[in-house]
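See structure below.
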Amino acid sequence: MPAASLEISGLSAGYGPTRVLEDISFAADAGRRLAVLGRNGMGKSTLFATLAGQTKRYGGAIRLGGEAIEGMGSSARALKGLGYVPQSRDVFPTLTVEENLFVGLKGRPRAAIEEAYQMFPRLKERRRNLGSQLSGGEQQMLTTARTILGQPSVLLLDEPLEGLAPVICEELMAAFGTLAAAGEMTILLVEQRIQSALDFADDVIILERGRIAWTGTPAALSADRHTVETLLGVGGLH
Amino acid sequence: MSAIFDVRNLKRTFGGLAVTNDVSLSMAPGDRVALIGPNGAGKTTFVNLVTGNLLPNSGSVALGGEDVTRLGPTERVRRGLVRSFQVTRLFSEMTPEEHVALAILQREGRTGRMFASHRAMPDVMDEVHALLARLGIAHLARHRVSEIAYGQQRLLELALALALKPRVLLLDEPAAGVPQSDTARIEQAIADLPADLAVLMIEHDMDLVFRFARRVVVLAAGEIIFDGSPDAVTKDARVRQAYLGSYADARSVA
Amino acid sequence: MQTVFSIGVDALAYGMVLFVISIGLSVTMGLMRVVNLAHGAFAMIGGYIASYAARDLGLAYAVAVMLAVVGTILIAIPVERLLYHRIYGQPELTQVLMTIGITFCVIGIANYVFGPTLKTIPTPDSLREPVSLGFRTVSAHRLFVIACGTAVALGLWYFIERTAFGVKLRASVDNAAMAAALGVKTEVVYAVSFAVAVGLAAFGGVVGAELLPIEPYYALRYMVTFLVVVSVGGAGSIPGALAACLLLGAIDTTGRYLMPEFGEFFFYLAVIAIVWIFPRGLAGRAK
Amino acid sequence: DTIKVGVVGPFSGPFALQGKNFKAGIDAYMALNGNTVGDDTIEVIYRDIPTADPAQSKALSQELVVKEGVQYLAGFYFTPDAMAATPLLEQANVPMVVMNAATSAIVTKSPYVVRTSFTTWQTSTPIAKVAFDGGTRKVISVVSDYGPGVDAEAAFKAGFEAAGGEIVEAIRMPLQTNDFSPIMQRIKDSGAEGVFAFLPSGPTTLGFVKAFNENGLKAGGVKFFAPGDLTQESDLPALGEAALGLTTTFHYAVSHDSAENKKFVEAAGKAIGNPAELSFPAVGAYDGMHVIYKMIEATGGAQDAAKAVEAVKGLSWESPRGPVTIDAESRHITQNIYLREVAKADDGTYYNKEVQTFEKQGDPGLAAAK
Amino acid sequence: MALTMNTGTLSTARDRRARLTRDAIGVLVILAVAVLGYLLFPNNLALLTRITAIALLVLSLDLVTGYCGVATLGHAALFGAGAYGAGIAAAHFGITDPIAMLAVGVVAGALAGLVSGAVVLRAHGLPQLVLSIAIIHLAHEAANKASGWTGGSDGLAGIMPDAVFGLWQFDLWGRTAYVFGIVLLIAAFVVLRQIVRSPFGMLCRGIKQDPLRVRAMGASVHGTLIRMYAISGAVAGAGGALNAISTQVVGLDSLSFTLSAEALVMLVLGGTGSLYGALIGTLSFLWFEDVVSAANPFHWLTIVGALLIAVVLFAPKGLYGSLAALIERRGRKGR
Ligand SMILES: Nc1ncnc2c1ncn2[C@@H]1O[C@H](COP(=O)(O)OP(=O)(O)OP(=O)(O)O)[C@@H](O)[C@H]1O
Ligand SMILES: Nc1ncnc2c1ncn2[C@@H]1O[C@H](COP(=O)(O)OP(=O)(O)OP(=O)(O)O)[C@@H](O)[C@H]1O
Ligand SMILES: [Mg+2]
Ligand SMILES: [Mg+2]
């Protein structure tokens with residue numbers, strides 16, 4: 001599936017009675033790379049979960065490749081091309097690595113699982129292990145690989161580097177970059193390591209208490225010391 | 001100084017795969033050791049073996065000169081060996097205040113009390129709030145854990161370990177999932193620890209590792225391939241290739 | 001020696017009856033993670049349909065069995081949509097409450113519609129004839145049940161472990177939200193699995209009716225038995241359930257032969273001993 | 001005035017069928033005899049105890065007496081339920097008419113207890129004589145391991161050994177038994193010529209009888225003896241073919257040939273809805289109502305338990321089961337016990353065919369207890 | 001630092017007052033309901049006493065299930081132990097003082113709690129449930145076999161408790177028994193309120209949510225749970241003893257799977273993990289059962305079933321749990 005655009009307007013959402021997101025609007029054109037930043041608990045994960053259809057939405061619209069998807073359930077959105085890698089590494093604990101990957105195939109032939117093994121050779125070694133027996137980093141690899149196997153047109157990555165060895169992080173970011181550059185995916189990324197995120201992204205948005213507090217390019221953000229300090233709570237970027 | 005923590009020839013296999021292969025490691029009071037290594041190298045398994053959550057095939061663990069290999073996990077905790085978890089393990093229906101109070105009461109052997117409330121114990125409550133304040137989550141003291149963001153849960157996870165006042169502290173990726181803005185709090189909390197405490201930290205955030213560690217141990221495929229100073233580790237070719245990648249370059253340059 | 005063989009045959013037959021009746025519960029409880037105390041109620045519904053078809057309408061046994069399975073599934077589908085649907089992923093105790101409630105209702109309705117008497121399902125003559133094994137005779141029906149048990153065990157194992165649907169089912173159970181985010185239509189997966197479980201319950205209810213006769217209180221009377229064999233086996237594991245049924249069947253049968261007056265003691269002490277040794281059940285799925 | 005009768009029985013749960021029979025018997029009696037005695041209108045209040053639960057029985061009986069103001073307590077399918085309520089009677093000045101519970105000792109618990117059903121001793125003793133007279137000398141006894149089962153075993157043993165027979169083995173099996181094959185193997189191995197069995201009516205009966213046939217015991221010529229609980233009419237359609245030829249002794253068969261019974265069966269059949277569900281508790285309840293009506297007559301509707309009970313001591317009447325008398329001393333019913341054989345009627349249904357009568361049987365259980 | 005200390009001390013004092021007020025309100029509410037019951041249903045005290053006894057069983061079940069997360073369908077074993085303990089003491093050993101009978105029941109229940117705790121805590125989840133089922137069946141069977149002591153299936157009769165303190169005779173109307181029961185219930189409630197809020201109670205709640213975490217804090221899971229099981233046994237035993245004293249008969253049903261299952265249903269109905277939930281669950285279930293079974297003794301089971309389904313659909317956290325959640329939500333919105 002080629003990359004698709006994602007437009008969000010006036011989105012507000014939360015958990016049951018708790019409202020977390022208020023009036024979020026932004027757009028990512030097809031093939032763009034967008035970083036979502038913000039301090040602890042500002043709603044980044046909630047934003048992604050809402051796009052994936054897993055929270056309570058109070059209002060607003062979500063358009064995937066021009067088509068309104070906000071009324072759809074989670075699986076329908078996935079079949080429309082939305083890929084979601086959650087922060088909490090939701091591997092299926094009682095399935096083997098290979099079965100985990102199988103679930104992500106979305107009907108592609110079984111042989112395609114090899115693509116995941118090429119991306120993470122470590123997973124191939126552990127293909128018969130249960131999800132629950134993997135190390136933290138291996139689980140992270142599995143979650144990411146599983147979603148990419150489904151060839152989403154828009155990919156939501158919630159802290160995909162967490163717990164990965166530095167070498168793997170580098171390789172992975174490079175791989176994401178290639179996918180986006182080839183026009184195969186639009187990528188939205190949440191990442192705690194701000195520098196990595198800025199190196200990767202074309203655009204940046206910053207969330208503050210569930211609202212968009214800043215939008216712009218990485219270069220603009222690097223130059224804006226004040227914003228970095230107040231919204232990200234970091235003394236400066238190197 | 002004599003070792004307060006001494007692991008010898010620890011070995012554990014899972015279905016033929018030696019996940020921890022003959023690992024020996026000792027720490028003296030005041031040590032600040034970083035344990036790094038590729039994903040699946042066996043770091044968490046090592047911690048599980050040391051704390052008694054997993055049984056080793058062979059090898060021994062000693063704490064302050066006492067062999068604790070045969071003791072269960074709780075006994076080891078009572079002897080001062082405390083860990084934090086890589087994936088937070090908290091009581092989702094309880095508040096941070098209750099978490100920390102429970103840890104303090106347990107440390108003092110007061111959890112058997114049936115006719116009192118921790119809220120009626122000013123000494124406990126003061127310590128609870130001081131600790132939560134130190135980690136910047138005092139304002140969440142009475143929220144349910146299930147309602148607070150993951151990064152804040154990580155801080156609470158650390159608070160629990162600290163509340164037990166360990167002699168040996170094992171931290172399994174304490175900063176994973178904590179935003180850069182808050183890693184400083186974690187660093188500070190660790191820096192404030194009593195000087196005679198031995199700390200072993202597993203972490204993939206190299207900035208944190210190099211600010212923290214005075215000694216780095218690298219585990220790969222279940223074996224220790226390096227044990228030395230932070231400066232030396234970036235120069236080690238095997239470590240660079242297996243783990244650090246270009247980070248080593250950046251660091252060497254810096 | 002002859003006696004030993006004889007007891008062995010009885011044990012095997014009894015164990016297989018247990019297996020056929022309770023395996024559907026293993027699917028709901030182990031795979032769908034629903035503590036379905038109404039399992040017996042569905043088995044009973046199957047029994048009533050078969051009894052009505054074979055006895056009152058005079059249809060052939062095979063047709064009656066088919067009707068029972070299909071009919072029970074048809075009855076179960078709205079129940080799933082309206083009620084079970086709401087308890088997927090809920091705490092176990094909530095599920096207990098709901099499914100006990102359903103059981104009470106089914107008992108009440110059965111009592112009202114069919115009356116409190118026993119209902120039999122006439123078996124064809126070919127199944128009623130005694131078959132000689134050399135050292136003794138058993139009824140052909142027992143052999144039929146053994147065959148059914150074997151077929152169900154193999155088929156179900158293949159379905160769950162080897163088919164794409166099986167993988168999706170297990171994924172949905174592990175984490176429904178994540179499975180959905182990967183494009184699995186979890187609602188459909190759940191509905192189909194529930195239908196399979198209920199179909200098995202009905203089938204078991206009909207085939208096992210020779211030993212556990214159909215009457216309104218059936219739904220509660222054997223609830224504990226089903227729960228015990230499934231849990232001892234390790235919910236969700238087909239080989240585990242089979243092993244548990246055969247083992248407990250054997251213990252029960254021998255116990256009742258050797259010391260009938262302590263039959264209950266035998267059985268439940270064995271249950272405690274087994275769980276003591278295997279705290280997750282014989283083949284407990286890791287959680 | 002309205003006189004209230006409180007009836008406690010299993011109206012739901014596994015024994016709902018028996019409770020239904022209580023109600024059918026009571027309804028039949030009131031349909032045939034009207035719902036008034038003198039100027040008083042009789043009102044029946046039902047309370048449900050699904051399984052034996054003495055504490056609940058006591059609470060409900062107390063509620064019936066204190067809150068509903070019943071003048072008579074009746075029903076009681078299970079012995080412990082009846083026993084639990086007896087301490088109330090004197091204080092409350094209320095007679096109790098036991099319509100089923102069959103342990104001999106209940107009548108000794110209070111002078112205000114009258115029983116119109118039977119005791120296990122009463123129905124199990126004659127079958128011992130039948131067995132011996134039929135030429136069987138070695139019998140194995142197989143009973144469910146609970147009060148009535150133990151009673152049945154003791155009664156049969158006493159009767160059979162007194163006649164000169166031998167009990168080769170006495171097996172008590174758990175109430176919850178689904179598969180009787182191992183028991184049948186035991187019976188086979190015991191070398192007995194006959195088996196004496198007692199099980200509570202319901203699904204286990206069916207399993208037991210089927211196993212008896214399927215394991216080749218019937219074909220092997222092992223004789224089968226039991227009190228009539230085992231072949232109660234409501235189980236016969238399910239037992240069907242398998243029960244054919246079983247011999248039991250009991251106080252009542254729905255097929256009993258008398259004008260009184262015809263009237264009863266018609267009325268009770270109508271009351272229960274499905275006549276195939278009719279069985280012995282109905283007649284216990286029917287006669288129980290008769291006793292209560294007599295008591296009300298004697299007291300003129302006033303609440304006087306002593307006088308009421310006194311009035312029915314020695315009372316004789318023609319019951320659907322045959323001639324009966326309330327024994328003046330024990331307050332238990334003296335009645336005929338019949339030997340019956342399960343037979344197939346012309347219309348293809350099965351019934352208990354009475355083949356022999358043991359007249360005016362009292363309760364040997366009370367004597368044995370002394 | 002000084003600042004936090006101040007607020008700490010202040011807040012503990014305020015907390016304590018708030019807690020005491022809440023407990024006092026709780027006791028008053030129970031008392032008010034009890035008095036109301038007495039006034040409204042003076043002829044139905046036997047039922048109310050029975051509810052009280054079962055409420056003790058359900059409270060005790062809540063301790064292990066609601067607070068410790070131990071799944072059990074065999075809790076009536078503890079209740080039955082108390083009932084038979086008190087009953088046998090009276091019928092065979094002439095201990096007929098109600099307070100002494102109560103004490104015997106409490107001890108018997110606690111012992112039964114220790115034993116079944118030791119067995120049940122071996123496993124988790126479904127296998128644990130099965131262990132508890134095995135226990136209750138074994139206990140039931142043992143009581144059936146030991147008919148010389150227990151009266152077997154005929155029930156243990158001949159229990160004649162003396163007057164309470166030699167002053168109040170147990171009467172036909174059940175007034176003494178009722179008052180005796182209510183006093184017992186309130187005492188148990190007050191004690192349990194303390195226990196569940198104490199550090200020990202907090203530890204139990206922790207174990208329920210994550211035993212591994214508790215171990216990592218150096219606390220013993222097994223030892224803690226066994227202690228809670230013994231406490232729970234004492235409470236259930238008190239309920240059993242109350243039942244024996246007030247009905248003067250003990251039947252096998254008090255050791256039955258059915259009673260265990262019913263207790264669990266009542267607990268879940270009210271809401272687990274809260275003493276109020278246990279009380280409300282018992283009261284509403286038994287009261288509802290009494291009303292519908294009196295209204296229609298033949299088909300009431302269906303109505304009860306429908307009630308249970310309705311509760312799951314409309315109050316999934318149980319009657320009390322859902323009410324509490326609703327109030328909390330209201331309160332939040334108001335703030
Ligand atoms: N299940 C939930 N129920 C109620 N509130 C929740 C839930 N999950 C998160 N929240 C609240 O929503 C807010 C946003 O949380 P979210 O996880 O989206 O933050 P985040 O920006 O991803 O933080 P982090 O960087 O720590 O991952 C937080 O205040 C949190 O307390
Ligand atoms: N129970 C188990 N059965 C089989 N293999 C296991 C089991 N537990 C762990 N392993 C394997 O052992 C290896 C080491 O795991 P461990 O969790 O110790 O790695 P780690 O060094 O902590 O990695 P990470 O940095 O990713 O957290 C992994 O490959 C894992 O799959
Ligand atoms: Mg997040
Ligand atoms: Mg790890």
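Labels below follow one simple rule: chain letters A, B, ... track the order of the sequence lines, proteins then strands, and each chain is numbered from 1.
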With a 4.5 angstrom heavy-atom cut-off, could you sort out which part of E:Arg193 is near chain B: side chain, backbone, both or neither?
neither
Side chains of B:Glu75 and E:Ser220: does their closest heavy-atom pair fall under 4.5 Å?
no
Shortest non-hydrogen separation from E:Pro199 to B:His118 and the atoms involved:
CD-N, 4.5 Å
Of the backbone (N, CA, C, O) and the side chain (C-beta and beyond), which part of E:Val191 lies under 4.5 Å from a heavy atom of chain B, both, or neither?
both
Quick one: of B:Gly112, B:Gly72, B:Pro73, B:Ala103, who has the most non-hydrogen atom pairs under 4.5 Å with chain E?
B:Gly112
Can you tell me if B:Glu93 uses its side chain to pair, donor with acceptor, with the backbone of E:Gln209 under 3.5 Å?
no
Full working for side chain to side chain contact (heavy atoms under 4.5 Å, CB included) between B:Val77 and E:Met217
CA-CA 7 Å; B:Val77 175; E:Met217 298 199 326; 5.6 Å; no
Closest-packed option against chain E by number of heavy-atom pairs under 4.5 Å, given B:Asp123, B:Leu164, B:Leu102:
B:Leu102
Could you check B:Glu157 against E:Arg213 for salt bridge (charged side-chain N to carboxylate O under 4.0 Å, His left out), going step by step and ending with a plain yes or no?
CA-CA 10 Å; B:Glu157 176 84 35; E:Arg213 170 84 252 178; 2.6 Å; yes
Which atoms of B:Arg113 are under 4.5 Å from chain E, going by heavy atoms: the side chain, the backbone, both sets, or neither?
both
So what's closer than 4.5 Å to chain E heavy atoms on B:Thr51: side chain, backbone, both or neither?
neither
Rounded to the nearest 0.5 Å, the CZ atom of E:Arg215 sits from the CZ atom of B:Arg89 at a distance of 10.0 Å
About how many Å separate CE of B:Met114 and CG of E:Leu192, when rounded to the nearest 0.5 Å?
11.0 Å
Nearest 0.5 Å, please: how far is CD in E:Gln194 from OG in B:Ser117?
8.5 Å
Bottom line for B:Glu98: the part with an atom under 4.5 Å from chain E's heavy atoms is both
Heavy-atom proximity to chain E below 4.5 Å, by part of B:Leu105
side chain
Within a 6.0 Å radius of atom CZ on B:Arg8, are there more than 12 heavy atoms belonging to other residues, nucleotides or ligands?
no
Closest approach of E:Ser198 to B:Phe115 (non-hydrogen atoms, all atoms of both residues)
CB-N, 4.1 Å
Can you tell me how far CZ of B:Phe91 sits from CD1 of E:Ile207, rounded to the nearest 0.5 angstrom?
8.5 Å
Quick one: what part of B:Asn53 sits under 4.5 Å from any heavy atom of chain E, side chain, backbone, both or neither?
side chain
